[in-house]
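Taking it in order: structure first as structure tokens, then the write-up.
In what follows, every heavy atom counts, from backbone to side chain, and hydrogens, waters and symmetry copies are set aside. Numbers here are sequence positions counted from 1. Order of appearance sets the numbers: ligands from 1, and atoms from 1 within every ligand.
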Amino acid sequence: MSPSVNPAAQSGLDAQTYSFLGPSGTFTEAALLQVPGAEQATRVPAGSVLTALNMVESGEVDAAMVPIENSVEGGVTATLDAISVAHQLHILREELVPISFVLAAASPLTPAQIRSVSTHTHGWAQVRRWAESAIPGAEFVPASSTAAAARGLLEETPVADAAVCSPLVAEQLGLHVIQHGIEDVTGAVTRFVLVSRPGIIPAMTGADKTTIMIPLPQDRAGALMELLEHFATRGVNLCRIESRPTGDGLGQYYFSIDLEGHIDEARVSDALAGIHRIAPGIRFLGSYPRADRKPQQPAAEVSDEAFTAAAAWISSLETRVREPGAGPAPRRSRGVGAG
Ligand SMILES: O=C(O)C(=O)Cc1ccccc1
């Protein structure tokens with residue numbers, strides 16, 4: 001497909017093949033279909049987030065869509081850990097999908113007849129209060145996705161009496177909807193990310209996010225505060241920060257952080273360079289446009305112009321460094337017009 005006919009290429013993504021947390025009918029597939037050109041591209045369902053990511057790493061597909069954050073439950077730990085620690089992948093794009101659930105069954109059951117319910121763990125976490133009052137005592141049967149749970153009802157030996165899934169997949173599979181809108185929090189949104197092998201970073205738009213991973217420096221009092229100061233002093237706003245175990249032993253943690261801004265902005269690259277000095281294991285996981293398109297308005301003192309002017313000022317000082325053996329250089333006094 002030539003870039004001129006591929007809307008994905010026109011939007012800066014030239015992926016032709018995508019993997020996603022499947023099967024067909026997941027919220028993740030809905031997120032992928034929001035990507036320009038994905039509808040015309042090859043889409044390969046994967047049985048788990050890890051499988052979807054492995055397919056990218058092995059080169060089987062160009063990019064993978066996976067869930068990363070939920071407005072009710074927080075981070076999707078399987079995704080955070082996989083892209084932060086195990087894989088060498090970069091985020092190209094994010095998508096937001098509003099989430100609403102139905103309780104569905106293969107036959108018209110009443111809530112009282114339901115003894116087991118299957119869904120994805122994040123789905124279950126978002127309907128738990130409803131389930132406690134409407135189907136108390138029903139056993140939760142974990143599934144790899146909401147759509148897999150729905151399909152499991154149609155197997156010869158059904159996985160459960162009912163499934164929690166999207167209204168769309170219930171309709172596509174011809175299931176009976178026992179109850180609509182069963183989510184505990186209305187207006188919940190899940191954030192999905194499109195990841196690919198490291199390569200081109202999407203261009204800065206002025207409304208961008210950057211994702212990084214920072215291993216917490218060991219045996220260093222105030223390490224977290226030191227890290228955060230690098231952001232605070234450069235006016236870099238954080239929009240997500242989570243600590244996760246590295247898997248290397250008790251007490252070993254990393255921070256997964258989303259910040260407002262693009263790596264091409266001086267305040268962002270300067271903050272990350274500062275952090276690299278105290279946490280050299282820091283990993284850059286991508287700069288990409290914000291799904292909500294909310295523009296950044298950095299203060300004048302942390303604008304690129306202010307950094308350029310500051311660097312020019314330092315260079316002007318460096319031109320006055322004396323040759324060795326030319327005698328002692330005049331002492332630079334602090335704050336009184338050193339240059
Ligand atoms: O299982 C799905 O359909 C998914 O895409 C993962 C998920 C599960 C629950 C809420 C949001 C995403």
Quiz item: Is it true that K294 and D292 make a salt bridge, defined as a side-chain N closer than 4.0 Å to a carboxylate O?
Solution: no
Self-check item: Pair H262 and Y288, ring centroids less than 6.0 Å apart
Solution: no
Quiz item: With under 30° as parallel and over 60° as perpendicular, where do the rings of W124 and F140 fit, or are they tilted in between?
Solution: parallel
Exercise. Indicate, as side chain, backbone, both or neither, the part of Q126 found under 4.0 angstrom from ligand 1 when only non-hydrogen atoms are considered.
Key: side chain
Practice problem: Determine whether the side chain, the backbone, both or neither of T190 has a heavy atom under 4.0 Å from any heavy atom of ligand 1. | Solution: side chain
Quiz item: Where the closest heavy atom to atom 2 (C) of ligand 1 is concerned, which of V66, T121, T79, T146 has it?
Solution: T146
Quiz item: For atom 6 (C) of ligand 1, which candidate among L32, V189, L21, I68 holds the nearest heavy atom?
Solution: L21
Quiz prompt | atom 9 (C) of ligand 1 [closest protein heavy-atom partner, distance rounded to 0.1 Å] | solution = G123 N, 3.6 Å
Quiz item: Which protein heavy atom lies closest to atom 8 (C) of ligand 1, and at what distance to 0.1 Å?
Solution: H120 ND1, 3.6 Å
Exercise. Mark up the atoms of ligand 1 that fall under 4.0 Å of a heavy atom belonging to T28, in ascending order.
Key: 4 (C), 5 (O)
Quiz item: What atoms in ligand 1 come closer than 4.0 Å to a heavy atom of T26?
Solution: 2 (C), 3 (O), 5 (O)
Quiz item: Under 3.5 Å between some N or O of ligand 1 and some N or O of F192?
Solution: no
